[in-house]
Each structure stands twice: as C-alpha cells, then as structure tokens.
Amino acid sequence: MALYTMAHFIYKLQNLSLFTSATSAHAHLFKSGLLASTLTVNHLNNCYVRLRRIDYARQLFEEMAEPNVVSWSSLMAGYIDTGSPEFALWLYARMRESSVMPNEFTLATVSNACSLLAELKTGKKLHAQVAILGFQRNLVVCSSLVDMYGKCNDVDGARRVFDLMGHRNVVTWTSMIAVYAQNARGHEALQVFREFNRLMMEPPNSFTLACVINVCASLGRLVPGKVTHAVVIRIGCESNGVVSSALVDMYSKCGCFSYSDKVFRRIHDPSVIPYTSMIVSAAKYGLGELSLKLFEQMIRRAIKPNDITFVGVLHACSHSGLVDEGLKYLNSMQTKHGITPSAKHYTCVVDMLGRTGRLNEAYQLAKSVKVDGSEVAPMWAALLSASRLQGRVDIAIESGNRIIDSNEQVACAYVTLSNTFALAGEWNNVHGLRAKMKNAGVYKDPGCSWIEVKDSIYQFRAGDLSCERGTEILSFLQELQRKMRERGYVGGGGGTGLVFVEVEEESVEQIVGLHSEKLALAFGLISIPKGITIRIMKNLRMCSDCHEAFKLISQIEDAEFLVRDINRFHHFKNGYCTCRDFW
DNA sequence: GCCGCCTATG
C-alpha cells in the first residue's frame, strides 16, 4: 500500500464509529498483510476500544507479534473504560514481565486503575516505580498519583506528591482540591482553591469549579458558593451540565431552593443529572408534588431516569406523605423503566411506610429484601427509627439486632434502641444496652452542626449552648416553641431530623418582628426534644414531627420557608460525620 | 504517529 493511501487509511480508522466498518477494516488489513504493522494494529485496536468492543481489542492484541508500549497502554485504558480496571492491573503485571518499558501514559493509566479500585498497596508500588523510572516530577503522572492517593483516602500521600511536583497545572490543582473534598476536608479544599487563585497561573476550568461548588454545598457555605457561581459566569461555563447540576445542588443544600430553581430553568436541555438534582432538592424542601411533576416532565421529554432519580422520587413521596404514589413508583421501576429496585430504594419505602405508621407493612417489606448485609443496614435503621417513634419495641429490637449484626452504623443502632427502651420505660434494658455498648467499645461520636449567617459561621453541638449568642438563641427558641404550641403544635418528642429554614431577609422581619439573624439561627435548630436541646443529625430526614412543625411554621405567615440540609459527610469514615475537622 | 490526569445527581 502506498504511503498516501496508508495515511488515508489510518485517518479513516481514527474516525470509524461503526463496528462493521472496524471489522471490514480489520479484514482489509488482514488481506494486505498490514496486521504485522504495530502502528496500524494500534489504530485498529483503538477503534475497537472506542467502540467498547474490548473483546475484539484483546484478541487483536494477543495476536500481535510485537506489541509496543502504546498497544499495552491503550488496551489497559480500554479495560478501564469498560469498567474492568482489575484487568488493566493484570495486564500491567504482564507487561512488566515483558521487555516493553512503561511510559508516562502507561503509568498514568495504571494509576487510574488503582484509583478506581482504591488499591493503595498497588498504588504505592506504582509510585515507587514512577520514581525509579524518573517520572516523579511528570505533570500527568503526578496528577494521577495525587488522585490515586486521594481515592485511597491517603490525603497526606496525595499532598506529598503535590508538594514535590515541579510544575502544576489546573488539572493538578483540581485533583488536590478533589482529594480534600472527597475526604471530608472541605475547608482545606477551599484553602487550596484560594491558593490556586492567588497564584493564578491559569484560570480554573469547569472541573475545578464543579468541585469547589460541591465543597461549598457540603459545607453549607452559601457565600463562597455564590462567589464560585460568579466565577462560573465570568469563565462562561454556565452551560456545562455538571457545573449547573452542582449549582442546583449547592443552592439547595445551602437553603436557597429558589436559586436552584433559577439555575435549573436556565439549563437549555437538562439531562437526567440536573433533573435528578432538582427532584432530590424539591423533595428535601417538602415539595413532593413538585418533585413528581419534574419527574413526569422528564419522562415526557424522553429522558431516561436512573436509579438515583428514583431515590429522589421515593424520597419526595416519603417526605410529603404521598405513600400510595410512592408504592406505585416503586412497582413501576422494574416494569416501566427496567431498573431493579435496590436496597436504597427499599430504604426510602420502608422509611415512608414507617413514617406514616404503616409499620407492619414496612417490617414485612424489610424482611422480604434480599441483599448484602452492609447494604441493608440503612433500611433497618429507618425501620428502627420508625419503631421508636411508634413505640414498637418488638420491631425496634429486631431492627437493632440486624444492624448490629451487619457491623454498619452500630453506634446509632445502640443509641436509638436505647432511646426506644427509654420511651417505653424499660430502664433495665436501657442500662443493659448502655453497658453492652461500653463493653463492645462502641462510641457514638457527638454530632455537630453549623449555620452560616452573613459571613459568620455558628457551630452547635448536642446539649452545648456555648456558641456565640447561645443564650439569645435559647430564649428565642423558647419563644418560638411557645408560638408553635399556641398554634397547636404538639410534637417535640425528639425528632430524628433537624429542619433548617431560611427566609428572605424582608419577610423575616414581618414574621415575628425579630432580627433576621436571630431567626435564621433559631430556625437552624427546630427539633426540640424535652425542653430545649440542640439536636444534631447527620442526614436531613424530616421526621413526621419536623414535617408537622414545618407545615405549622409555614402557616404562620405566607413567607417562603426553606429547609436546609447542610450535612452530607455521613458516608465517610464508617458512617461517621467528620465535620469536626472543619474547624 | 498511536495511548494518559481532574468534575456531577442518593
């Protein structure tokens, strides 16, 4: 084949998007004897990888006489793309036995495989090889190592690589910010972002901003969130789907649902992700009907929901008392949308049934779910919590035991179970359980919560009013509770949730004629068990009490009240919130 | 010449 046609052929290979064209090119190469050319086969292999036909790529690779470093690396990348990073590691081990030396592409790819598998041991070995091979200051290799250490929860390891690098680019900085973000160290993530801005060698990109917005969301930091939104507008990446979804999520978690709505409406052609963000956000604000409306709208627009969309939908039903709709949606998941309900969906439904007192149904459903032990722990925790509210000691005991057996969220189970006994007056059981807990060395981390008002952050701990203006908050809460009682609120028996409400500045003054800061602070603390205690939670889940309280408050004036969820670190460190790290 | 790093919805 002449050089010109050869070049043309490769060009065509690079742009192939059909499997049949790839196989016919394959046949053509075979006939013309070009399968002996490593370069050409690499191109063809790449076609198969792009078409996600890893089986063909693999076979072609195995038939190669002399695979070079590119052949090895692209097949590894292909395995990663198709969700089998373990094969990439296996290939790398094979490659190390061959005479082909890895290059920077190989090392970055392998590091990526370690990240995905959270294989710290293998990652560290790789790091050593990187050093031996002289890539310890290579930009891309080090960026992937930073990411790898982060995904393996070795923040210090990531930082060491970051600090020792020669040049850093926006990707490196973003990786480092993401490491802190993913390991529940949001304040450090923001610090790194500030440092990046100070040096300002290049502007942040959509990756950086999406990451920073997420940090703001997880910290409940509205002001930095808005500032980042401003940067988004300045940079011009508003139309980026990930960024706009992150903004929707951030505003919702920072108590500004109306802003979430504004951002969402500006998205031209929202995909399943912004839709899901909105559905989840509306659900959190008790706007279940809006969630369902969005869901139906999405279906009409032929956007395919995913499993998380259904978590949002079921949450919406649960938090707005739409029990029968919820059951209907659960049943439609498989039949209408081809999504098999998983433990998290059953958790929502068990929670929903339990919340409205249909405890026996909830219990029957929970028993019928057959999945892994660790996955069902949250479901039994929901049932346990509902049993406590309804005073069903029998179901509480079984739920508690199932959780303790699963080894997940054990401390919470002990505490809730003990509270159930206490409510039923079974003090012997309470003491017995506390002793058992002590013996087992189970310790419940005290929760902590915070709220941002203007530029100050106020932090609260269970039973601790030593924060700034604590006395004022206490007296305001008492006043608020009195007003709520006057209007018929009878809850207050120890909610599992904490309602965060934000009000537009103007309406605050109207409502009770008090200063908005006070109101915002107080409204951060509306779960009022026995007198006034500041209750802390890990995961905003409006219990029926809170829901009632929320409805009542809404009736006080026509103001727009917004529920605020500031805490989403519960998936870190064995289910414990590590928010203490933030101060 | 062919291959690589960072972002999102519970």
Side-chain angles (χ1 to χ4, degrees), chain A residues 6-7 10-11 13-14 37-47 49-50 67-78 80-81 88 102-113 115 135 138-148 150-151 168-179 181-182 204-215 217 237 240-250 252 270-281 283-284 305-315 342-345 347-348 378 539-541 565 568 570-571:
Chain A
M6 173 74 185
I10 287 178
Y11 174 79
L13 272 179
Q14 283 174 332
S37 151
T38 303
L39 168 65
T40 321
V41 177
N42 282 346
H43 276 291
L44 179 59
N45 236 331
N46 224 351
C47 288
V49 166
R50 272 203 316 272
N68 66 7
V69 60
V70 177
S71 327
W72 285 99
S73 311
S74 40
L75 190 61
M76 286 178 211
I80 290 175
D81 281 348
N103 66 9
E104 53 181 312
F105 291 88
T106 328
L107 297 170
T109 307
V110 177
S111 172
N112 191 12
S115 301
F135 289 101
N138 180 284
L139 188 69
V140 177
V141 173
C142 288
S143 297
S144 26
L145 283 179
V146 167
D147 175 61
M148 182 277 293
K151 298 259 162 66
R168 298 174 193 145
N169 65 3
V170 61
V171 176
T172 327
W173 283 94
T174 305
S175 304
M176 197 60 231
I177 293 169
V179 168
Q182 286 156 3
N205 62 21
S206 61
F207 287 77
T208 324
L209 296 172
C211 196
V212 172
I213 294 164
N214 268 316
V215 170
C237 57
N240 180 297
V242 176
V243 171
S244 46
S245 299
L247 283 171
V248 167
D249 184 55
M250 183 275 290
S252 134
S271 73
V272 59
I273 294 171
Y275 260 112
T276 304
S277 284
M278 260 325 261
I279 289 169
V280 169
S281 302
K284 276 194 186 125
N306 61 26
D307 58 330
I308 301 165
T309 315
F310 277 101
V311 171
V313 168
L314 296 172
H315 247 96
S342 68
K344 49 185 185 255
H345 301 110
T347 303
C348 292
N539 183 3
L540 182 92
R541 182 178 289 157
D565 171 11
R568 59 184 286 248
H570 48 281
H571 48 286

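Convention: sequence-line order gives letters A, B, ...; per-chain numbering from 1.
Using a 3.5 Å distance cut-off with no hydrogens or angles, the side chains of A:N169 and A:T172 do pair a donor with an acceptor. Side-chain atoms of A:S115 and A:D147 include a donor-acceptor pair closer than 3.5 Å. Side-chain polar atoms of A:T309 and A:N306 form a donor-acceptor pair below 3.5 angstrom.
Phosphate contact (OP1/OP2 of B:dC3, side-chain N/O of A:N46, threshold under 4.0 Å): present. Distances shorter than 4.0 Å separate some side-chain N or O of A:Q182 from OP1 or OP2 on B:dT7. Proximity of A:K151 to the phosphate of B:dC5: no side-chain N or O atom is located under 4.0 Å from OP1 or OP2.
Between A:V311 and A:C348, the closest side-chain pair of non-hydrogen atoms falls below 4.5 Å.
The nucleotide whose nearest atom lies closest to any side-chain atom of A:N112 is, among B:dC6, B:dC3, B:dG10, B:dC6. Counting only heavy atoms from C-beta on, A:F105 has its side chain closest to B:dC3 among B:dC3, B:dC2, B:dT7. The A:N214 side chain lies nearest to B:dT9 when the options are B:dG10, B:dC5, B:dT9. For A:E104, taking side-chain heavy atoms from C-beta onward, the closest of the listed nucleotides B:dG4, B:dT7, B:dC3 is B:dG4. For A:V280, whose side chain is taken as the heavy atoms from C-beta onward, the closest listed nucleotide among B:dC6, B:dG10, B:dC2 is B:dG10.
Across all strands, A:T109 comes closer than 4.0 Å only to sugar-phosphate atoms, never to a base (heavy-atom distances). Within 4.0 Å of A:N306, counting heavy atoms only, lies at least one base atom of the nucleic acid.
In this entry the distance linking CZ of A:F207 with C1' of B:dT7 reads 6 Å, nearest Å.
A donor N or O paired with an acceptor N or O is found under 3.5 Å between the base of B:dC5 and the side-chain atoms of A:S143. Taking only distance into account, the side chain of A:S73 meets the base of B:dC3 through a donor-acceptor pair shorter than 3.5 Å.
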